[in-house]
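Structure, as structure tokens:
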Amino acid sequence: MNKVIKHVVSISFLLCIFFFTHSTVLAEESSLEDTSQINFPSYMREGAAAELGTNPQTQDDRKIVSVLGDSIGTYEGYTPWNIFYYYYCSQYMDVSETWWMHYIEANNMKLGVNESLGGSKVAWWEEDPSGYNSKQCMAAEERIERLDDNGTPDIILFFGGTNDIASTVLGEFLPGENIGDISTFKSAYQTALVRLKTHYPSAQIICLTPYYRDISSWSDTTNEDVDLYANSIIEICQYYGIQYVDLRYADIDEREDMCKSDYLHVNEKGHHKIWHMLQYNQPAFVSKGINILQNDKNIVRAEYQVYGASENTEYQWQVYDCNANSWILCTDWSNNSVFSYEPEKSGTYWLYCTAKNALGETVSGVTGISVVLQPIVIDGVCWLYQETEIQIGVAYSASSSSSLVRWQSYNLDTKKWNIISDWNTGNWSSWKPTKGNYWLHVEVKDDKGKIVSHTINFAVSRNYPVYINGKYQGPNPYGAGWLIGVSSNINPKQNYQYELLILDCNKYVSGDPNPWIYGTGLQKLSSGTVFWTTWNPPHNGYYWTYFRIYDEHDILVEDQCYGTLF
């Protein structure tokens, strides 16, 4: 009971005694024990029906709504109790902005009795320090019976439990038992529902749970305490088949939607969110702002965050160019809350999004962004010599991963361009040049079609993919004459053809028309990459040995000439 007493002092005293500077209108004091001295609002007094827009001479068949609650349901001139205060009044907000009157007017109904008493609980027990008596709790027969003083209600809005949190013992819910026991919360709430159903069997009863709030500055109750009492209300309502509205899902902000005097009573925005849950059984459609997910690599991605969105919510995005002072993009409506955009240029932009739910409600948000486009830049070219090719690569910086690369070479000896590899996403390519001098040229193109290029000089010392990697000529160790040989680095599928020719330099110099004095013809090897032949020089002198290799298509792929003296 120590915790109970502690919270009674912190909650009941503050809710019942504190003077609300913005809106509190103190009523004339009366005895707490004398519940008969109730100051009925003007709309309930005889002859005052016209004050609510009702002509006494005309039959009014609108549904009657009565309210049973605490200070969250009070309003000056509409709540009958003389004791303590009315929390809300015209100096603070119009009555049409209250959650209960908004519901009544939105559905073309009329108010019966607003039986709301500030600081009251659902339960009551002996020595309750709030100062109220057993006839002033919400489960009391007296309060429930007064709900039809202005016509039998068709709908009863029961909003209780806030003042019970952490002050009234929670107790146990024993279905159908302990009716009339109002000393614990669960038994008192069950008692209230049974009495409501008994007195008004044809009425639709709608119960509202307490909402989350932050009153840490003057109480140590937490939202875990709110859960205990809200879950109890739902449990009891489900047993009796009574409709309930769980205000914990109303997205009531613990600061922005609360009165700053206590951060317990909701302000106009909080009242609107309660009404929305009551009206549609879903939270109010509220903009939470646009969140920038990405603003780099020349891509902007953003998400519009909306509370109360459902799978049927649609979004429309617009982009405003602040530098050009014009709207430059408007998307179609879609179910995607995430938006991707690739600006054409650097600058400042507004992202504006409108969201629309299935009820036709719309909210919108806007945010500004500064975009700095990253230009495509070639950082350098590199190469790696391989056995059968030269690997060439380019390093570049670009905003898009979908940039394309193209390689070309220009043979300075033949004055011809050759495409090494056409546009593709890889930044490495395989080059198989012949011996010679080249310009090696690389181009990089971004996804918007912008191209940058880089060119370097490149000398190739041998042919690719095949080259002569060995030559031999000398006395034949196995017999007469000279042994001459040539080898290549590769011989794919033994399809290469080898040839050896010898030119007599004396004949060539003397002008002899037949200086070539020896030739093997094209020869294939059954295995390996080495071709051998023997030759007997006709005389001593200078000779050229000429080695040639052809591919399977009889195309010369490599040749070398070697001078010697026999």
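The first residue of the sequence shown is numbered 1, and numbering continues consecutively from there. Any value given below was found using the heavy atoms of this structure, including those in side chains, with hydrogens, waters and symmetry copies removed.
Atom CD1 of I456 sits about 9.5 Å away from atom SG of C382, to the nearest 0.5 Å. Atom CG in L293 sits 12.5 Å away from atom CD1 in I299 (nearest 0.5 Å). Once rounded to the nearest 0.5 Å, the distance linking SG of C505 with OH of Y543 reads 9.0 Å. N424 CG to S403 OG: the interatomic distance, rounded to the nearest 0.5 Å, is 12.0 Å. In this structure, CD on Q243 lies 4.5 Å from CD1 on I206, to the nearest 0.5 angstrom. Separation of atoms CG (L208) and CG (L157) is listed at 6.5 Å; rounding is to 0.5 Å.
In this structure, Q316 contributes its side chain and D332 its backbone to no donor-acceptor pair below 3.5 Å. Checked by atom type and distance alone, the side chain of D225 never pairs as donor or acceptor with a backbone atom of A166 at under 3.5 Å. Side chain of N427 to backbone of V394: a donor-acceptor contact under 3.5 angstrom is found. Side-chain N or O atoms of N231 include none that pairs as donor or acceptor with a backbone N or O of I234 at under 3.5 Å.
Ring geometry for W431 versus F458: interplanar angle over 60°, hence perpendicular rather than tilted (30 to 60°). Between Y496 and Y498, the ring planes are perpendicular. Angles over 60° get that label, and only those under 30° would be called parallel.
Atom NZ of K450 sits in a sparse spot, with 12 or fewer heavy atoms from other residues, nucleotides or ligands closer than 6.0 Å. Counting heavy-atom neighbours within 6.0 Å of Y542 OH, excluding the residue itself, gives a total of 12 or less.
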Distance-only criterion, 3.5 Å: show the donor-acceptor pairs between side-chain atoms of residues 344-354 and protein atoms not counting sequence neighbours.
residue	atom	partner	partner atom	Å
S346	OG	L373	N	2.8
Y349	OH	K345	O	2.8
Y352	OH	S364	OG	3.3

Side-chain donor-acceptor pairs of residues 507-522 under 3.5 Å, sequence neighbours excluded:
residue	atom	partner	partner atom	Å
S510	OG	N506	O	3.1
S510	OG	K507	O	3.0
D512	OD1	N514	N	2.8
Y518	OH	T533	OG1	2.7
T520	OG1	L500	N	3.0

Less than 3.5 Å apart, which donor and acceptor atoms pair up between the side chains of residues 555-566 and the rest of the protein, not counting sequence neighbours?
residue	atom	partner	partner atom	Å
E558	OE1	N463	ND2	2.6
E558	OE2	I468	N	3.1
D559	OD2	Y546	OH	2.6
Q560	OE1	K471	NZ	2.7

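Evaluation of the salt bridge (Lys or Arg N to Asp or Glu O under 4.0 Å) test over residues 477-497, restricted to residues two or more places apart or in two chains, returns none.
Within the 4.5 Å cutoff, the side chain of N411 has no heavy atoms near those of the N418 side chain. Within the 4.5 Å cutoff, the side chain of S310 has heavy atoms near those of the T313 side chain. Looking at F547 and F531, their side chains never come closer than 4.5 Å, going by heavy atoms from C-beta outward. In this structure, W532 and L483 have side chains that are in contact, with non-hydrogen atoms separated by less than 4.5 Å. At least one side-chain heavy atom of L193 sits under 4.5 Å from a side-chain heavy atom of I242. Using a 4.5 Å heavy-atom threshold, the side chains of N298 and Q374 count as touching. Counting heavy atoms from C-beta on, the side chains of V405 and V442 come closer than 4.5 Å. Contact check for N357 versus Q282: side-chain heavy atoms found under the 4.5 Å cut-off.
Nearest approach of I252 to G270, heavy atoms of both residues: CD1-O, 4.4 Å. Between G436 and D413, the shortest heavy-atom contact is CA-OD2, 3.4 Å. Residues G365 and I290 approach most closely at O-CD1, 3.4 Å, considering heavy atoms. Counting all heavy atoms, side chain and backbone alike, S429 lies closest to W407 at CB-CD1, 3.5 Å. P210 and R248 make their closest contact through O-CG, 3.7 Å (heavy atoms, listed as atom of the first residue, atom of the second, distance). Here the closest heavy-atom approach between residue G308 and residue P283 is recorded as CA-CG, 3.8 Å.
Ion pair D251/K288 flagged as a salt bridge, since at least one NZ, NE, NH1 or NH2 atom sits closer than 4.0 Å to an Asp/Glu carboxylate oxygen. By the 4.0 Å N-to-carboxylate-O rule, K273 lies too far from D253 to be salt-bridged with it. A salt bridge does not link E172 with K186: none of the charged nitrogens is closer than 4.0 Å to a carboxylate oxygen. A salt bridge is defined here as a Lys NZ or Arg NE, NH1 or NH2 lying under 4.0 Å from an Asp or Glu carboxylate O, and E499 with R548 meets this definition.
When each of D257, N223, I274 is checked for a side-chain contact (heavy atoms from CB on, under 4.5 Å) with Y211, only I274 meets the rule. For the ring-ring contact (aromatic ring centres under 6.0 Å, His included) with W275, the lone residue among W100, Y280, Y103, W99 that qualifies is Y280.
Side-chain rings of Y189 and F158 approach one another, their centers coming within less than 6.0 Å. Here the two rings, on Y315 and F339, have centers that are 6.0 Å apart or farther. Ring centers of W327 and Y320: under 6.0 Å apart, within the cut-off.
Both tests pass for R255 against the ring of Y263: distance under 6.0 Å to the centre and angle within 45° of the axis. Both tests hold for R462 against Y464: distance to the six-membered ring centre under 6.0 Å, angle to the ring axis within 45°.
Side chains of N536 and W482: a donor-acceptor N/O pair is absent below 3.5 angstrom, by distance only. Looking at D379 and S397, their side chains do bring a donor and an acceptor atom within 3.5 Å of each other. Between the side chains of T455 and H441, at least one donor N or O lies within less than 3.5 Å of an accepting N or O. A donor atom on one side chain and an acceptor atom on the other are not found under 3.5 Å apart for D321 and S326. No hydrogens or angles considered: a donor-acceptor pair under 3.5 Å links the side chains of D504 and H539. Side-chain contact annotation: E552 with Q497, donor-acceptor N/O pair under 3.5 Å absent. At a cut-off of 3.5 Å, with distance as the only test, a side-chain donor of Q294 or D296 sits close to an acceptor on the other residue. Side-chain atoms of Y438 and T434 form a donor-acceptor pair, as typed in the model, at a separation below 3.5 Å. Of the N and O atoms on the side chains of D246 and T209, at least one donor lies less than 3.5 Å from an acceptor on the other residue. Inspection of the T545 and Q473 side chains reveals an N or O donor paired with an N or O acceptor under 3.5 Å.
Remark: Q391 engages E389 in a side chain to side chain donor-acceptor pair (under 3.5 Å) (not counting sequence neighbours). Listed by chain and number, the residues in a salt bridge (charged side-chain N to carboxylate O under 4.0 Å, His left out) with E387 amount to none (sequence neighbours excluded).
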Checklist entry - Passes side chain to side chain donor-acceptor pair (under 3.5 Å), Q279 versus N107? Steps please. => result CA-CA 9 Å; Q279 180 74 26; N107 295 283; 2.8 Å; yes
